[in-house]
Enquirer: 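Have a look at this one.
Chain A is the first sequence line, chain B the second, and so forth, proteins listed ahead of strands; every chain is numbered from 1.
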Amino acid sequence: MSTTIRRDLPILLLAIVGFLYVAEWFFGGNVIPQLSTFKGLMGTMVSVIAWTAVGVGTIYGISSEYYLVRRNRNWQQYVTSGSMFLMMIIMAIIWIWQWSGPGRAVGYAFQSPEWRWWLMNVYSNQTQAQYAIMFLYQCGAVYRVLRVRSMETTVFTLAGLAFILKSIPLFLTVPGVSEIGDWVQGAPTLGGTRAATLTASLGALVIGLRALVGKEQTTIEVK
Amino acid sequence: MLNTALVEQFLRTGRVMDILFLIFVWLFVIYYITKAGRGAQLPKIRRIAAIDAIREGVGRAVEIRKPVHWSFGNAGAYVTDQNVSETLAGLGVMSYTVGLCARLGARFIFHMPGNPEAIPILEGTVLEAYSKEGKLEEFDRRRDLRYYGSGMMVFTAALAQSFMTEGVAMKIMMGRQPTCMYVALEAAKLQGAIVIGGTARWTAMYSFVLTCDYLFIGEEVFAAGAYVTGNPYMISSLASEEMAKYACIGILALGIVLSLANINFAALMKN
Amino acid sequence: MVDIYTQLGVLAGALMIIGQFTMLWKDNLYFRVTTRIVVGYYMMYMMCYYVAMIYGRTWNAMTVQGEWWWAVAIFLGLLMYTRISRQYAWIAKYPMSIALGAGVGTVSVALLRAQVLDQITYTVTDLFTATSAYALFNAIVIAVALVTTISYFFFTREHTGPLGWSAAVGRAFIMCSVAVIWAGDYMWAMAMLSGVLSYMVNNFIKGLMLGGPIS
Amino acid sequence: MEQKTEEKTIWDKIGTIDYRYIYVFSLIMILIPIIQPIGIPMKVGSNAQTWHNTIVNIPAHSYILFNYYVDLSVWADMGPILVVTLNEVWMIPKERDVKIFFYSSTADGAVKMRDLLVTLCKPPQWRTDSYGTTWVDVGYIGFPNEAAYASFVMDFKSLILRDIRGTSLLDVPAAKEMAAHAAPTDVLTAADFDLLIWSSWGCTDPDMYVRQFWASGSPPYHVPMLMQTIGNCVPNVVPYVGPDKPIRAFIPGAAGAAELEMITGLKGDGTKMADATDLGGVATVILIALGNIAYLGGRFLGKKKEEK
């Protein structure tokens with residue numbers, strides 16, 4: 001009984017929803033419109049389920065941070081974790097305070113000057129700084145990895161270089177740079193990308209079919 | 001060539017080729033799964049170096065007493081759309097890794113992606129793997145599961161911080177990734193970790209090529225997911241993937257022949 | 001005259017940027033604090049945002065239009081919280097299965113047309129619609145790339161003999177494709193760095209510290 | 001136990017420079033033109049020219065659908081394109097009677113647009129005075145996935161009920177006129193537009209936009225597009241670009257914006273960044289050369305030294 005409720009019924013539920021989706025792809029629209037209606041409704045319902053579950057993640061996030069504080073009772077940890085909790089409280093206060101108001105839409109908080117201040121100055125700059133760090137990291141990789149050591153790294157270096165030169169205004173004045181870059185982008189890259197996408201789709205497709213017939217282990221044996 | 005009006009009474013417009021191809025693949029999936037059920041010999045799968053490297057990495061983690069870190073990217077565990085397969089394949093490899101960590105005594109830290117709806121299956125897989133090794137008590141959710149929301153660069157910064165403060169012996173990253181996960185991979189590399197990973201999202205593949213010691217390239221992600229489970233049904237169904245690839249090459253050849261014979265291949269495929 | 005909120009904003013932005021950049025040197029408290037600030041921000045942002053989404057999508061529909069099934073969806077979402085208890089964690093498998101069913105159903109069909117059949121069709125039509133020798137050459141390269149790259153992804157046969165050669169050529173095409181994507185990303189990241197430096201020079205140093213204009 | 005340290009050759013030294021020096025070198029190269037602009041000459045590519053021509057030569061009485069997508073985290077790269085494009089659109093003369101429908105698919109877009117309209121992208125006075133009749137802005141429409149977009153192209157009302165001033169969508173004269181442009185005449189659909197200007201840094205988005213705004217509909221909508229993107233999405237965009245294909249032209253990142261700024265004469269952040277990109281590119285070539293000199297030197301010349 002326990003196995004039926006805990007394992008078999010969820011798998012059955014998965015298969016029913018999955019098969020209805022597959023059926024809609026082929027027989028929805030004008031043939032059996034109810035299937036399309038079902039899919040439309042189910043799509044939004046699944047979104048609502050996912051949105052509602054957002055708190056689960058937050059609970060996990062808070063509890064692991066709290067655990068860190070309890071394990072490392074030193075001022076540095078208090079400052080680090082404290083800054084996270086404080087930030088959460090500040091944003092929650094702004095959100096509740098600015099949720100809506102006379103003449104404003106519900107959810108106005110995200111457009112309010114207070115929320116925007118944190119978004120545009122704190123979050124946005126942290127994110128841009130990480131992208132900038134990504135560039136510096138990549139400079140390290142350019143120097144370390146892009147060497148003509150093997151067939152693969154040679155192709156990688158030459159193709160990458162062709163595209164970089166083509167993207168830099170200064171080098172476009174050199175004859176041939178633009179044409180070589182265009183060719184690399186338009187022929188070998190397109191072919192490679194096309195095949196990689198195609199094979200990955202086939203792999204994804206087989207996993208989907210396996211899950212539909214209840215033979216995908218990761219969906220079966222979940223505690 | 002086809003009686004479109006007749007077909008459209010039973011099938012949506014432009015779905016004939018889709019259904020034919022799907023039936024073709026499906027038949028092979030069922031054939032190989034049935035064959036595996038009968039205990040027939042499993043197809044031989046070529047070695048994927050990254051899988052062997054995981055064992056090596058866990059061994060190293062035990063030796064140098066630093067943790068193994070796993071992540072799916074900032075929001076890489078999609079379950080409600082077409083990226084679900086990548087999540088499932090990643091979970092297969094994760095289950096294998098957690099099992100090794102539990103058996104050999106390495107600490108496993110899981111930086112969960114910002115898809116809250118996937119948490120049950122993510123945590124469930126970790127629990128399952130510990131439980132299979134009979135070491136469920138060694139898993140502490142508050143210590144080893146992390147959550148930072150789905151902000152891309154917030155996630156990379158949080159990972160980098162974790163690598164620096166807690167150390168990292170091996171970093172594995174699978175699932176659907178954005179390209180900026182490069183920062184997290186490189187941060188692990190700079191901390192001296194063995195870095196393993198791959199994605200079927202082609203745009204992000206370069207991050208792995210530049211940083212990883214061992215790679216899963218594109219579709220290898222899916223093959224690896226089946227291979228590590230040792231499950232005969234899953235391994236045997238890999239052969240159906242190969243059949244689909246032969247079919248694709250066959251369709252390409254057929255297209256060339258038909259086009260040479262002045263038959264409009266593109267119009268035929270539109271059905 | 002720039003107002004105090006803008007000035008404080010530039011200061012906060014610069015402090016965040018410097019804090020994040022310190023990770024390039026080594027782990028430090030400043031970096032950890034700036035990271036935790038945005039982790040806190042983002043987790044709360046997701047919470048608030050999704051609650052607003054649920055409210056916007058379902059509240060009126062339920063209370064005004066009588067669409068009761070949204071209550072079922074919210075209930076199913078709430079079942080996800082049983083995950084927190086070890087004893088009742090299995091209940092979360094039900095809403096999870098519905099979500100997975102939608103994903104699995106989509107993946108089983110949605111990729112077929114655009115990512116498989118259309119890609120083969122394009123490869124054939126490129127070959128037969130080429131209007132110049134250059135275009136034909138490119139179309140042939142694309143077709144060769146397609147076949148050899150697919151051959152790299154054969155798993156049930158060892159890469160030896162002709163398959164070994166074909167897979168090696170396929171691997172070269174894979175590297176070429178990956179390299180071009182990387183190069184594009186590299187250029188983008190370069191622009192991001194120059195944006196950050198520009199902010200620091202123009203807004204923080206020239207604007208805030210030297211009293212110039214802030215953009 | 002005393003360990004014997006091997007003496008490093010010159011090739012080893014060149015090949016193992018500490019990564020922090022590499023960072024500092026790259027930082028300095030990018031920083032130089034920010035402190036002191038150099039003004040390195042550049043060439044305008046065909047994409048930027050087509051982009052410009054498409055907007056400048058848009059036929060009279062056309063309807064433009066404009067998605068002012070902004071993600072603040074990539075503003076440095078994509079922002080300059082939006083600024084110059086928006087200004088180009090504002091420059092279309094009044095006599096041409098071109099009407100514009102603005103929306104945003106990002107929350108950041110709605111926030112940033114408010115600032116832009118009063119600072120960098122101020123519309124001409126006649127546009128400001130004729131809001132509602134010559135242009136309409138509906139703000140943020142939520143973060144649509146493909147299913148939502150599929151409904152959106154069939155009927156804008158599935159995602160938009162009012163414009164930013166709170167007027168019901170089809171009560172706005174411009175929107176009503178646009179809806180009447182193509183059948184069905186009382187519903188605003190993708191078919192009502194002659195040009196779609198959009199942007200995204202999601203590399204798989206071109207597939208979705210092409211599916212929805214070009215291929216879907218009966219008959220297909222076939223809305224020509226101009227796309228703003230980032231550098232690494234170029235391989236995903238290219239298959240759809242051409243005079244008879246869905247995307248007429250695309251601008252990849254700030255470097256592309258610089259070209260647009262050069263054509264239009266509206267100098268902005270793109271031009272400033274072009275210098276930085278130039279010197280950054282030079283730094284990249286130097287780094288690749290250094291790495292390879294070290295490798296090849298060590299491999300071919302290093303061995304000879306050992307043999308001696």
Side-chain angles (χ1 to χ4, degrees), chain B residues 14 17-18 21-22 43-46 48 78-85 87 114 116-121 123-124 147-151 153-154 157-158 160-161 164-165 179 182 187 202-203 205-206 209-210 217-220 223 238-239 241-242 245 248-249 251-252 255-256 259 265-266 269, chain C residues 20 23 26-27 31-32 34-36 38-39 41-43 45-46 50 77 80 83 89 92-93 95-96 99-100 102-104 106-113 116-118 120-121 123-125 127-128 143 146-147 150-159 171 174-175 177-179 181-182 185:
Chain B
M17 290 299 159
D18 298 35
F21 194 85
L22 187 70
K44 266 190 184 170
I45 308 291
R46 78 167 153 85
I48 298 173
Y78 290 83
V79 288
T80 59
D81 63 12
Q82 61 198 45
N83 299 300
V84 65
S85 296
T87 308
E117 71 279 13
I119 286 175
I121 198 170
E123 191 190 357
Y147 184 84
Y148 316 110
S150 62
M153 304 321 275
V154 175
Q161 186 197 322
M164 287 174 181
T165 50
T179 53
Y182 181 85
W202 201 241
T203 321
M205 194 63 224
Y206 87 80
V209 171
L210 285 180
I217 301 177
E219 198 206 348
E220 282 179 353
L238 272 181
E241 245 172 270
E242 309 286 77
K245 281 172 220 158
C248 287
I249 295 174
I251 296 170
L252 180 72
I256 294 172
S259 300
F265 176 68
M269 291 298 282
Chain C
Q20 291 290 298
M23 79 176 257
K26 62 176 189 177
D27 180 34
F31 166 62
R32 291 202 294 264
T34 52
T35 301
R36 263 3 203 200
V38 284
V39 169
Y41 168 83
Y42 210 90
M43 277 207 286
Y45 169 75
M46 276 184 74
Y50 282 147
M80 289 276 199
R83 186 72 242 172
K93 285 178 84 174
M96 182 78 230
L100 267 175
V104 162
T106 309
V107 77
S108 302
V109 283
L111 301 168
L112 270 177
R113 176 55 64 171
V116 179
L117 299 175
D118 278 356
I120 303 170
T121 313
T123 310
V124 175
T125 46
L127 279 169
F128 291 91
L146 186 79
V147 175
I150 290 177
S151 75
Y152 171 78
F153 290 107
F154 279 119
F155 297 108
T156 54
R157 293 180 63 184
E158 283 298 329
H159 286 174
R171 213 175 146 87
I174 287 173
M175 284 301 148
S177 161
V178 169
I181 295 171
W182 162 72
D185 217 39

Enquirer: Does any backbone or side-chain atom of C:Ser108 lie under 4.5 Å from a heavy atom of chain B? Answer side chain, backbone, both or neither.
Expert: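 The answer is the backbone of C:Ser108.
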Enquirer: Taking atom types as modelled and ignoring hydrogens, do the side chains of C:Tyr152 and B:Glu220 form a donor-acceptor contact shorter than 3.5 angstrom?
Expert: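 On atom types as modelled, these side chains qualify, holding a pair under 3.5 Å.
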Enquirer: Would you say B:Arg46 has more than 12 foreign heavy atoms packed within less than 6.0 Å of its CZ?
Expert: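 Counting neighbours around CZ of B:Arg46, more than 12 heavy atoms of other residues, nucleotides or ligands fall under 6.0 Å, so yes.
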Enquirer: For B:Thr87, is it the side chain, the backbone, both or neither that has a heavy atom under 4.5 Å from a heavy atom of chain C?
Expert: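 Contact with chain C is absent: no heavy atom of B:Thr87 under 4.5 Å.
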Enquirer: For chain B, find which of C:Glu158, C:Met46, C:Lys26, C:Met175 contributes the most heavy-atom pairs closer than 4.5 angstrom.
Expert: C:Met46
Enquirer: Using a cut-off of under 4.5 Å for heavy-atom pairs, which of B:Glu242, B:Met164, B:Glu219, B:Met269 has the most such pairs with chain C?
Expert: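 Greatest number of close heavy-atom pairs with chain C: B:Glu242.
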Enquirer: Give the member of C:Ile150, C:Ile174, C:Val124 that has the highest number of heavy-atom pairs under 4.5 Å with chain B.
Expert: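 The answer is C:Val124.
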Enquirer: With a 4.5 angstrom heavy-atom cut-off, is it the side chain or the backbone of C:Leu146 that approaches chain B, or both, or neither?
Expert: side chain
Enquirer: Which of the residues C:Ala92, C:Gly103, C:Ala143 is involved in the greatest number of heavy-atom pairs with chain B at under 4.5 angstrom?
Expert: C:Gly103
Enquirer: For the candidates B:Ile249, B:Ile256, B:Leu238, which exhibits the highest count of non-hydrogen atom pairs separated by less than 4.5 Å from chain C?
Expert: B:Ile256
Enquirer: To the nearest 0.5 Å, what is the distance between CZ (C:Arg157) and CD1 (B:Ile45)?
Expert: 13.5 Å
Enquirer: Does any backbone or side-chain atom of C:Arg171 lie under 4.5 Å from a heavy atom of chain B? Answer side chain, backbone, both or neither.
Expert: side chain
Enquirer: A side-chain contact here means heavy atoms from C-beta on lying under 4.5 Å apart; do C:Leu117 and B:Asp18 qualify?
Expert: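 A side-chain contact exists here, since the closest heavy-atom pair is under 4.5 Å.
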Enquirer: Who wins among C:Thr106, C:Thr34, C:Thr35 for the most heavy-atom pairs under 4.5 Å with chain B?
Expert: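 Greatest number of close heavy-atom pairs with chain B: C:Thr35.
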Enquirer: Who wins among C:Val38, C:Val39, C:Thr156 for the most heavy-atom pairs under 4.5 Å with chain B?
Expert: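 Of the candidates given, the most pairs with chain B belong to C:Thr156.
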Enquirer: Would you mind checking which part of C:Phe128 comes under 4.5 Å of any heavy atom in chain B, side chain (CB onward), backbone (N, CA, C, O), both or neither?
Expert: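 C:Phe128 touches chain B through side-chain heavy atoms alone.
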Enquirer: What part of C:Ile120 gets within 4.5 angstrom of chain B, counting heavy atoms only: side chain, backbone, both, or neither?
Expert: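 Both backbone and side chain.
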Enquirer: Within a strict 4.5 Å, meaning less than it, do heavy atoms of the B:Pro120 and C:Lys93 side chains meet?
Expert: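 B:Pro120 vs C:Lys93: side chains apart.
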Enquirer: Identify, with sequence neighbours excluded, every residue that meets side chain to side chain donor-acceptor pair (under 3.5 Å) alongside B:Glu241.
Expert: none
Enquirer: So which atom in C:Tyr42 and which in B:Gly151 form the shortest heavy-atom distance, rounded to 0.1 Å?
Expert: CE2-N, 3.1 Å
Enquirer: According to ring pair (Phe, Tyr, Trp, His ring centres under 6.0 Å), who are the partners of B:Phe21, at least two apart in sequence or on a separate chain?
Expert: none
Enquirer: With chain C as the partner, which of B:Gly218, B:Ala158, B:Pro43, B:Ala187 has the greatest number of non-hydrogen pairs under 4.5 Å?
Expert: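 Highest number of heavy-atom pairs under 4.5 Å: B:Ala158.
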Enquirer: Please state whether the side chain, the backbone, both or neither of C:Thr121 comes within less than 4.5 Å of a heavy atom of chain B.
Expert: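 Contact with chain B involves both backbone and side-chain atoms of C:Thr121.
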Enquirer: Heavy-atom pairs under 4.5 Å with chain C are the metric here; pick the option from B:Val79, B:Leu22, B:Asn83 that has the most.
Expert: B:Val79
Enquirer: Is any side-chain heavy atom of B:Gln161 less than 4.5 Å from a side-chain heavy atom of C:Met23?
Expert: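 Heavy-atom side-chain distance check fails, nothing below 4.5 Å.
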Enquirer: Name the member of B:Lys245, B:Met205, B:Lys44 that forms the most heavy-atom pairs with chain C at distances under 4.5 Å.
Expert: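 The candidate making the most pairs under 4.5 Å is B:Lys245.
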Enquirer: Calculate, to the nearest 0.5 Å, the distance between atoms OG1 and CZ belonging to C:Thr123 and B:Phe265 respectively.
Expert: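 Reported to 0.5 Å precision, the distance equals 9.0 Å.
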Enquirer: When B:Ser85 is tested against each of C:Leu111, C:Val104, C:Val107 for side chain to side chain contact (heavy atoms under 4.5 Å, CB included), which residue passes?
Expert: C:Val107
Enquirer: Quick one: are B:Glu117 and C:Met80 in side-chain contact, heavy atoms under 4.5 Å?
Expert: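 They are in contact (side-chain heavy atoms under 4.5 Å apart), so the answer is yes.
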Enquirer: State, with a plain yes or no, whether a side-chain heavy atom of B:Ile217 is found less than 4.5 Å away from one of C:Phe153.
Expert: yes
Enquirer: Between C:Phe31 and B:Ala157, which heavy-atom pair has the shortest distance, and what is it?
Expert: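 Heavy atoms only, the tightest pair is CZ-O, 3.7 Å.
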Enquirer: Please classify the contact between B:Tyr182 and chain C as side chain, backbone, both or neither, with a heavy-atom cut-off of under 4.5 Å.
Expert: neither
Enquirer: Under 4.5 Å between any side-chain heavy atoms of C:Trp182 and B:Val209, yes or no?
Expert: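 No, too far: nothing below the 4.5 Å cut-off.
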Enquirer: Flag the one option from B:Leu210, B:Val154, B:Ile48 with the top tally of heavy-atom pairs under 4.5 Å to chain C.
Expert: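 Between B:Leu210, B:Val154, B:Ile48, the count favours B:Val154.
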Enquirer: What part of B:Val84 gets closer than 4.5 Å to chain C, counting heavy atoms only: side chain, backbone, both or neither?
Expert: side chain
Enquirer: Please check if the side chain of C:Arg32 supplies one atom and the backbone of B:Thr165 the other of a donor-acceptor pair under 3.5 Å.
Expert: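 No, because the side chain of C:Arg32 does not come within donor-acceptor range (under 3.5 Å) of the backbone of B:Thr165.
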